[in-house]
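All of these numbers come straight from a predicted model, not from anything done at the bench.
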Amino acid sequence: MSENIIRLTKEALPAVSPTAATGTEKPPVPLWVRSGRAVRGIVTHEHTRTAARLTVRHGMYVVGGTRIVAKRTWEGRTATRYERMLRAAEAAGNYEVAAEWEERGQRFRDARHRRRMDLLHSPLDAAKGVAVSAGMGVGSLVALGVVMAVATKDVTQVVTPLMATVEFINLLITIATVVWGPAVTIGPFLALLALWGVGRHQQAAPNWALPAAVRNGEGEPITPSIVVKALRDLGVPALARAIKEMGDAGAAMLGPIRIAGCGVEVDVTLPSGVSTNEVQNRRRKLAENLSRHEHEVFITIPQAARTVRLWVADSGALDEPIGPSPLVTDETMTADYTKGRAPWGQDLRGDAAAISLYQRHLLITGLSNQGKTVALRSLALWLALDKSVQFLMGDLKGVGDWAMFDGLAQTLIQGPTDDHVIQVTEMVEGAVDEMNRRIQAPQGTVFPPLIVLVDEAQVAFMCPAKDDEKRPYGGSKANSRYFMAVRKIHNQGRAVNVLMWQGTQDPTNENLPKLVREGAHTRASLALGTESQARMALGDKAVDGGAAPNLLRPGLDRGTLVVASDGIAIPAGQASITVRTHYIDDDAAKAITGRAKALRDGITTLHAIERGEDFDPLADIASVVGTADRVRTKDVLARLAALNARAYGKWSFLDLKRVLDGNGAAPYKSDGVMVVGRDRVSRALANRHADGSASAA
């Protein structure tokens, strides 16, 4: 008995190998587990999923086509279409159009009522018509038979036309009988094929069942229905409700879809209760609803109220480079500072973007390594082709990006150290002195353009160095030398063609003070990190109007600028424009500056600011007094500043009196006004030469 129990137990239990008992080998997997895994593998296989999507897709094409045809038929026989258009016009606030649609709907109902009343009398009228037609037809056939009988003298010809007609009708009945069977069999299939075609054209299937290209939106054209659906699903309740009330006629919100460069442009009039910033703040979601990336959709605010302008790029178009600069391709090109426009690149529409630099201070900012220097340099390269333009340049990066301007600029300082900042600061202060000299010149004097260009200007603003009087070179306080010099040029330089151009990185209040950035007439920004930085770079008006350099892609959108300036053509109602700038490499830049140097007689570029310049105050005083017997001290000071702004620009009456008293030519009063006498100055000069001495300061 016990042996049988042991034998049955061994047969019932699965066999376990000795190694499995010790844990060195896994027990065999049961059959039902292996079968489940196999079934799961079959179900989840890509071929199975593709077949399932194919089956569902084509089945839903038929269902969706049926729904679409039924809806079209219903709308064709009812006033639904007119009601929908009426609601759409009311939601858009266009009550004049709403009244027109209401009138059209009423005319449709009146015509439908007349047709229905006519149907009440149509059976009797049809019977009368058939009887009359049959009588006339038989009579005509008999008359034709009589004519034939008379002609042939055969009385049987009287019924020949009538019998021919009967035989023809019999033939038609025979043909119909033969065709009817196959038509009944094939007809439903043809109807299904037609419904499938309608559904396929409208992509009437779940998104997951559609082909991959359609599902991903690759190459999907922008149509009114796509735009309306994208707006409906934007997550703005008031907008979704208004579009739902409009039905498919939500397209009434849209203006014409226009081809604009490498994309399309459309104006959307929002329903009442929906503000433009609700759409602007959902740019990413709108782009995804349009099957585009965020950087491929731009939202701006035109002049029309409650309207947003959408520009939607063709998929992947913005990743394609634009062509070379005309500065590179046209070796005969010249520049005109006053009337010309620099070829900078292309706007999003694909049109050439050219900018006027005439009497406009310039600021370009953005993150590091986004093409700021190249964008700034391309403007300087164009302007260098006007031989009247002068340059003072400071490159506080110092890696040779501006080296090709050696021999073209009056001053070129390159380097990142505090000493270079000091040199650049003194260069800008020298430009301030030149500006003051020009301001004090006789009215009507025309001055050549002087461009004071500082690249990596944030280095200057952040410089901790101080001068001998403990005044800081950097910072944004009233005693900051670089800050104050830039502010003075911003305040008065434009009138005498002394212009300040700056390029800076990653704007903050510390490295780009508010007063400096707001002093620029042309403000441009490459990719930035935050909206607050975008407001610093371009100003609140531009950002509120749709400018969004913070949404540009660092690295991928290198060289793409958002520009706010009256010097470039901006579409009506917008506060900024996006420009994809031409890339001019170092070799091409050297070739362009070579052409610019050929236009000039030759310039010796200074690479440092010369200090301690020798000058002779007494001789200069004598020269400004001239042949007049006496000149007021106030006028002498003004003339000295105009003669040498660097030496005498900051002189006061005490400085003038010190020099004159020391040489025995002290000023005196004449008619109650302090004056400088020509005789006294001439005598002092003669005595000094006789003594062999010279006074220098």
Task: Donor on one side chain, acceptor on other, D351 and Q346, under 3.5 Å - done: no

Open item on the list: Ignoring hydrogens and geometry beyond distance, is a side-chain donor-acceptor pair present between D620 and Y648 at under 3.5 Å?
Closed with: yes

Task: Nearest non-hydrogen partners of V636 and V631, listed with the distance - done: CG2-CG1, 3.7 Å

With sequence neighbours left out, write down each residue that passes ring pair (Phe, Tyr, Trp, His ring centres under 6.0 Å) with [X], or none if nothing qualifies.
| X | result |
| --- | --- |
| F405 | F391, W402 |
| Y583 | none |
| H490 | H361 |
| F461 | Y482 |

Open item on the list: Taking atom NZ as the centre, does K466 end up with more than 12 heavy-atom neighbours from other residues, nucleotides or ligands that are less than 6.0 angstrom away?
Closed with: no

Open item on the list: According to side chain to side chain contact (heavy atoms under 4.5 Å, CB included), who are the partners of A342, at least two apart in sequence or on a separate chain?
Closed with: I355, L357, L379, W382

TODO: Using side chain to side chain donor-acceptor pair (under 3.5 Å) as the criterion, list what pairs up with T530, not counting sequence neighbours.
DONE: S532

TODO: Output all residues satisfying side chain to side chain donor-acceptor pair (under 3.5 Å) with T581, sequence neighbours left out; order by chain, then residue number.
DONE: none

[X] with [Y]: basic N within carboxylate O range, under 4.0 Å:
| X | Y | answer |
| --- | --- | --- |
| D635 | R632 | yes |
| D557 | R580 | no |
| R377 | D586 | yes |

Open item on the list: Assess the residue pair L362 and Q502 against the criterion (side chain to side chain contact (heavy atoms under 4.5 Å, CB included)); give the C-alpha distance rounded to whole Å, side-chain angles, the decisive distance to 0.1 Å, and a yes or no.
Closed with: CA-CA 6 Å; L362 175 67; Q502 295 184 98; over 6 Å; no

Under the salt bridge (Lys or Arg N to Asp or Glu O under 4.0 Å) definition, can you give me all pairs with a residue in [range], not counting sequence neighbours?
| range | result |
| --- | --- |
| residues 496-517 | K514-E518 |
| residues 383-395 | none |
| residues 439-458 | K372-D455, K372-E456, K397-E456 |

Heavy atoms, side chains only, cut-off 4.5 Å: are [X] and [Y] in contact?
| X | Y | answer |
| --- | --- | --- |
| R600 | L408 | yes |
| I364 | L561 | yes |
| I621 | V625 | yes |

- [ ] Please test N663 against N687 for side chain to side chain contact (heavy atoms under 4.5 Å, CB included), starting from the C-alpha separation and ending with a verdict.
- [x] CA-CA 9 Å; N663 288 277; N687 293 337; over 6 Å; no

Task: F447 six-ring centre to R437 NZ/CZ under 6.0 Å and within 45° of normal - done: no

Ignoring hydrogens and angles, write down the donor-acceptor pairs under 3.5 Å from the side chains of residues 667-684, residues two or more places apart or on other chains.
| from | atom 1 | to | atom 2 | distance (Å) |
| --- | --- | --- | --- | --- |
| R678 | NE | T627 | O | 3.4 |
| R678 | NE | A628 | O | 3.2 |
| R678 | NH2 | D629 | OD1 | 3.1 |
| R680 | NH1 | A666 | O | 2.7 |
| S682 | OG | R678 | O | 3.0 |

Task: Pairs involving residues 321-332, ordered by first then second residue, that meet side-chain hydrogen bond (donor to acceptor under 3.5 Å, both in side chains) (sequence neighbours left out) - done: D330-T332

